[in-house]
Undergrad: 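Questions regarding the structure given below will be posed in turn.
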Amino acid sequence: MAISTDIGVWIAAIMIIAGYSIIIKNTVVFKFAERTVLGLVAGTTAVFGFEQIIKLLWIPLTEGKIVNIIPLIIALLLFTRLSKEYAYLSRIPIIVLVASGISLGITRNVSTIIFGQIKGMLKPIPTGSTIFDIIGILIVPVVCCSVLLFFTYTREHTGALGKVSLIGRYALMFALGVSFGNFTATRTNYVILPLKRILFDWLGLVV
Amino acid sequence: MSNILRSKEFTTVLVFILSTLYVLHYFIQGVEPFDNLMLTIGNWAIISSAAAAGLGLANLSIIHVNKIRKKESGWYWDIWMVSVMFFTFLLGSITSSQSSAYQWIYVNVYQPLGTSIFSLAYLWMCSVAVVAFRVKNRDAAFLMLGGLLSLIGNIPMVQVYTNVFFDAKTWALNIPVRGVGSALRISLALGLVLVGIRTWLGIDTSYVALESEGG
Amino acid sequence: MITIVNYSTMVFLIILSTIFGYLYWLNKTKKIMPRFRILPGILALEELVGRAVEMGRPLLYLTGYGSLRSDQGPEQLGSFAIFGETARICAKSGAEIIAGILNQEHIPIITSLAEEAYRRENAMDSLNYNNLIYLGASQYSSNAYLMVTVEQREVVSFIATGWYGADMVVKGGVARSAGCLSLGATANPDQYPYLVAAFDYWLIGEDLLSAGAQISKDPGQITNVWAGDYIRFLLISIIIIGSILAWVGFNIQWIFNL
Amino acid sequence: MGKKTESVLRLLSNKPFVQGALVLALIFALANPLGLPIKIDPMSKKVYDIMENLKPNSKILYVASAPTGTMGDLIPQSVPLIYHLMRRGNLKLFFIGIGESADHIMIYIDSEVFKRIGYPEKYGLVYGEDWVNLGYVAGREVSYENFANDVQGTILIDREGNRVAELPMFEDVHTMADFDLVIYNGEKSWMPIQYWTEKFHKPLIVLTHTAMLPIDVIPWYTAGQITAYLCGVRSGADYEVLVDRPGGAVAALDALSISHLFLISLILLGNITYMVEKIEGKEAK
């Protein structure tokens, strides 16, 4: 077992231990981790944004694309939010952002998700499928419709609607349980990746 | 001029125009100038989002410099945070995010810290599961039934000896869970379309504070 | 050469807009308003703020980090509606609200909504701008901030609305283990299990999207959600009829591909 | 409530105990692998066969979209798969990153993949002719659409600073139609379907993680919009065996088993204690 001599591996191990120190207790070690990760995230996000502006706005502008003055102004208007008097001008970039988001929501959600999911259900029964398969094919639309009814707002869930949406509720709870358990498998690996860096990269454990 | 810009009408009309252009562009193809216009407007949105990162730097700097000036508790940690933030930003923007120095920080500081804190999600999930998976009522019973089925079904060790749980989990995923998953996505997509339409028509303006009404 | 495409989507949107227009007209002329199914999560806002006032400790509100220009954008609008209402209740009752902003695009929105809430309740001088803090657009920086702040500032009420990822369970678990009363609301289906398991009150998917309608009681928004219910019944009938037709050999999938 | 049941319930809701014990269980499993046999999943074999039967000089668009957090369950499959693509030696590989932390993604291709299996040059691939790292496409949905309609116009400059239009392998690559296969490693697989593969009728292989499989992959796979998929560490271990190069994924399988068994026992203990507590409560009444 040969402990690593690479300064980078040591610093990575210290960061991982600082991150996991919160499991035992909220100490000054985790306070260091919290402040560091907040600074890193804000800094790297700004680098990501800076490079996009250079690539999409500045380089074309310096190469003669004068129309890029408009997005430059729109982007600068965001900073009017820092002054109380001209804060209302920061609304314009927000409008540009919201308009692009909601129109995606209006169009793409219909074609890909609503139609895509329904098309996936309207399938003929494949030839040679067993009784068990057929029951399965029947269950999918029944469960889907009962859960859809569970999300109605302008009707109280009583009477027939109440009973069907109760099936929807239990199917929803069962599905949430399966999804909860299934996420466990994925999230175990979130922990395995840093632990492997400590055991194998840093401590040099050999198995 | 400032009264016009402050008014609700200006906001709702501008959102309406831009959204209409986007929606029309979804239905109309083959019009070269229209495609270029929408490519340009799309880039405005990307640039605005990118510039907002600068606003993030400003927000954090102003708040934490205030705390440092007033020597509020833990002010020295704020000095550390602000310096890490600006050091990373200057290093990345001057030497570019592909430079070896920036990558060194990403691989040896950012990624280990990020993945370890992020992986606490698994540990918290287990803490919550140990409490939540208690059969207190019928809802909790269904929740636990599904949870245990997929937990056992995902154990590689069990799959070596028997595939019963794995097949049961796969059936559950392909049939009931898929029915529920499709319903959740259809329902959510419909909700997003509805929010999009009422925001497009200016009925829902929750993304903006209409000071003009506030007086 | 101009070509019109995506007819199926166009027809769907025309049907939806027609129903919405008819219900809006019905409401305007005949004053018919549907009875909205009460969402417990919305009613809990008063309780959450009341607890903060009673115990003299702050309420921590995280507003979600969906990007406005992606399909998570509309989800964030529901989150902003709930935040505006919560800030207004805090301004009225004098509770201290800490707003954690998890996406830089939201900084102007959250700041303006907080200003409007406090101005509407004539409490501008008690608005603390240092409490409207950007926490970095990442799950781990906001998780780390939450774990430190909940203990350091002894937060007693915790609300997390908007788009979240795997960190939803961390936020609920940390708030619960710190003894907070908590409300979680997200429209990311993968996180529903943790919403149900880790939060005291929760709003799932469309509950979050229709929260704005229930809070504002604006006829336009309520009839919009009302129209959604009719479209839902239409989709259910398409699924049932379409499935039966498919089983007996008539494939109607083509109607979606026009 | 009896003394014993109360202390057990308090222990089970004690965060340091539950979380600390889980981490120790994982460390123990990683340090003492059981080396159990691996049964290859048919889907993993299907992906392997697709890769093995790709025509020479096929243009492969490898899209990395693994956020920093979920890398743990998304990298194990990409390492053996990229090794297989490079080992073939006669394919054109286009690497690109998209998504929230797109800029970090292209760094992990170096730090987590090439560091472990060697750079493409080791397999005789020439940069700019056989493989290229295009860096990231920022801007989410708007730019994904632009990329499909005008690959070179959207990317402009690759990660090494070259003008993309001047690279030899881009001579006949202008739109999504010019690619032969898209491999997508990340969450939200509806995105490549919606903006790329459905519109241009391209085969799509998805590398997802266990949690996203039922909601994010199965609906599109059964609808025929995903050709095949690899899911989580388990498929990663399958693929490592298929390409005859055991590595990180095989080691992680045992840790997965032990941690799951430990969690299930805590849940069952919690339920038993809860039942005993209810019975004691009734008796006390």
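Chain A is the first sequence line, chain B the second, and so forth, proteins listed ahead of strands; every chain is numbered from 1.
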Undergrad: Which atoms of Leu235(C) come close to chain B, meaning under 4.5 Å heavy atom to heavy atom: side chain ones, backbone ones, both, or neither?
TA: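 The answer is the side chain of Leu235(C).
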Undergrad: Between Leu113(B) and chain C, with a heavy-atom cut-off of 4.5 Å, which part of the residue counts as in contact: side chain, backbone, both or neither?
TA: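 Contact with chain C involves no heavy atom of Leu113(B) at all.
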Undergrad: Any idea which of Asn6(C), Val170(C), Asn131(C) has the most non-hydrogen atom pairs under 4.5 angstrom with chain B?
TA: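 It is Asn6(C).
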Undergrad: So for Glu105(C), is it side chain, backbone, both, or neither that comes closer than 4.5 Å to the heavy atoms of chain B?
TA: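 Its backbone and side chain both get close to chain B.
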Undergrad: How about Ser142(C) and Lys171(C): does a side-chain donor come under 3.5 Å of a side-chain acceptor?
TA: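 Yes - a donor-acceptor pair under 3.5 Å links their side chains.
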Undergrad: Going by distance alone, is a donor N or O of one side chain under 3.5 Å from an acceptor N or O of the other, for Trp163(C) and Ser67(C)?
TA: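 Not at all, the side chains of Trp163(C) and Ser67(C) share no donor-acceptor pair under 3.5 Å.
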Undergrad: What part of Val193(B) gets within 4.5 angstrom of chain C, counting heavy atoms only: side chain, backbone, both, or neither?
TA: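 Just its side chain gets close to chain C.
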Undergrad: Could you tell me whether Glu85(C) and Arg88(C) have a side-chain N and a carboxylate O separated by less than 4.0 Å?
TA: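 Yes.
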Undergrad: In sequence, state the C-alpha distance, the side-chain angles, and the governing distance for Trp124(B) and Ser177(C), and then conclude on side chain to side chain contact (heavy atoms under 4.5 Å, CB included).
TA: CA-CA 10 Å; Trp124(B) 273 107; Ser177(C) 73; 3.5 Å; yes
Undergrad: Taking side chain as everything from C-beta outward and backbone as N, CA, C, O, which of these in Asn130(C) sits under 4.5 Å from a heavy atom of chain B? Side chain, backbone, both or neither.
TA: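 Both backbone and side chain of Asn130(C) come within 4.5 Å of chain B.
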Undergrad: Top residue by heavy-atom pair count (under 4.5 Å) with chain C, among Ile28(B), Ile62(B), Ile117(B)?
TA: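 Of Ile28(B), Ile62(B), Ile117(B), Ile117(B) has the most heavy-atom pairs under 4.5 Å with chain C.
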Undergrad: Could you tell me which portion of Phe20(C) (side chain, backbone, both or neither) has an atom closer than 4.5 angstrom to a non-hydrogen atom of chain B?
TA: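 Contact with chain B: side chain only.
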Undergrad: Of Leu203(C), Leu208(C), Ile215(C), which meets side-chain contact (heavy atoms from CB on, under 4.5 Å) against Leu39(C)?
TA: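 Single side-chain contact (heavy atoms from CB on, under 4.5 Å) partner of Leu39(C) among Leu203(C), Leu208(C), Ile215(C): Leu203(C).
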Undergrad: Is it the side chain or the backbone of Ser127(B) that comes within 4.5 Å of chain C heavy atoms, both, or neither?
TA: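 Answer is neither: Ser127(B) stays 4.5 Å or more from chain C.
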Undergrad: Flag the one option from Glu32(B), Lys67(B), Met125(B) with the top tally of heavy-atom pairs under 4.5 Å to chain C.
TA: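 Ranked by heavy-atom pairs under 4.5 Å with chain C, first place is Met125(B).
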Undergrad: Can you say whether Leu188(B) sits under 4.5 Å from chain C via the side chain, the backbone, both, or neither, judging by heavy atoms?
TA: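 Both parts, backbone and side chain.
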Undergrad: Determine the sole option in Gln139(C), Gln72(C), Gln76(C) for which the side-chain hydrogen bond (donor to acceptor under 3.5 Å, both in side chains) test with Tyr65(C) is passed.
TA: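 Testing each of Gln139(C), Gln72(C), Gln76(C) against Tyr65(C), the sole residue satisfying side-chain hydrogen bond (donor to acceptor under 3.5 Å, both in side chains) is Gln139(C).
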Undergrad: Any heavy-atom pair between the side chains of Leu120(B) and Tyr140(C) that's under 4.5 Å?
TA: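 The answer is no; the side chains never approach within 4.5 Å.
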Undergrad: Looking only at heavy atoms and a cut-off of under 4.5 Å, which of Pro193(C), Ala213(C), Gly205(C), Ala166(C) has the most pairs with chain B?
TA: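 Top count of heavy-atom pairs under 4.5 Å with chain B: Ala166(C).
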Undergrad: If you count heavy-atom pairs under 4.5 Å between each of Leu201(B), Leu55(B), Val31(B) and chain C, which one has the most?
TA: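 That would be Leu55(B).
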Undergrad: Around atom NZ of Lys92(C), are there more than 12 heavy atoms of other residues, nucleotides or ligands at under 6.0 Å?
TA: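 Counting other residues, nucleotides and ligands, NZ of Lys92(C) stays at 12 neighbours or fewer.
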Undergrad: Can you say whether Leu123(B) sits under 4.5 Å from chain C via the side chain, the backbone, both, or neither, judging by heavy atoms?
TA: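 Neither part, no heavy atoms under 4.5 Å.
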Undergrad: Do Asp204(B) and Ser206(B) meet the criterion of a side-chain donor-acceptor pair at a distance under 3.5 Å?
TA: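 Asp204(B) vs Ser206(B): donor-acceptor pair found between side chains.
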Undergrad: Pairing donors with acceptors under 3.5 angstrom, does anything connect the side chains of Thr3(C) and Gln29(B)?
TA: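 Distance-only check fails for Thr3(C) and Gln29(B).
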Undergrad: State whether a side-chain donor-acceptor pair under 3.5 Å links Glu115(C) with Tyr129(C).
TA: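 Yes - a donor-acceptor pair under 3.5 Å links their side chains.
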Undergrad: Quick check on the interface: out of Leu13(C), Ile133(C), Asp167(C), Thr111(C), who has the most heavy-atom pairs with chain B under 4.5 Å?
TA: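 So the answer, after comparing Leu13(C), Ile133(C), Asp167(C), Thr111(C), is Ile133(C).
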Undergrad: Less than 4.5 Å to any heavy atom of chain B: does that hold for the side chain of Met168(C), its backbone, both, or neither?
TA: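 Neither part, no heavy atoms under 4.5 Å.
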Undergrad: Highest number of heavy-atom pairs under 4.5 Å with chain C: which of Gly191(B), Ser49(B), Ala121(B)?
TA: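 With the most close heavy-atom pairs to chain C, the winner is Ser49(B).
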Undergrad: For Ile4(C), does the CD1 atom sit with more than 12 other heavy atoms under 6.0 Å from it, leaving out its own atoms?
TA: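 Yes.
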Undergrad: Thr9(C) versus chain B, heavy atoms under 4.5 Å apart: side chain, backbone, both or neither?
TA: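 For Thr9(C), the contact with chain B is made by backbone and side chain together.
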Undergrad: Starting from the C-alpha separation in whole Å, work towards a yes-or-no answer on side chain to side chain contact (heavy atoms under 4.5 Å, CB included) for Ser97(B) and Tyr106(B).
TA: CA-CA 9 Å; Ser97(B) 65; Tyr106(B) 172 73; over 6 Å; no
Undergrad: Check each atom of Leu132(C) against the heavy atoms of chain B and say whether the ones under 4.5 Å are side chain, backbone, both or neither.
TA: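 The backbone, not the side chain.
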Undergrad: In terms of heavy-atom pairs under 4.5 Å with chain B, which of Asp218(C), Leu135(C), Leu113(C) leads?
TA: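 So the answer, after comparing Asp218(C), Leu135(C), Leu113(C), is Leu113(C).
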Undergrad: Is chain C contacted by the side chain of Phe133(B), its backbone, both, or neither, given a heavy-atom distance below 4.5 Å?
TA: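 No part of Phe133(B) comes within 4.5 Å of chain C.
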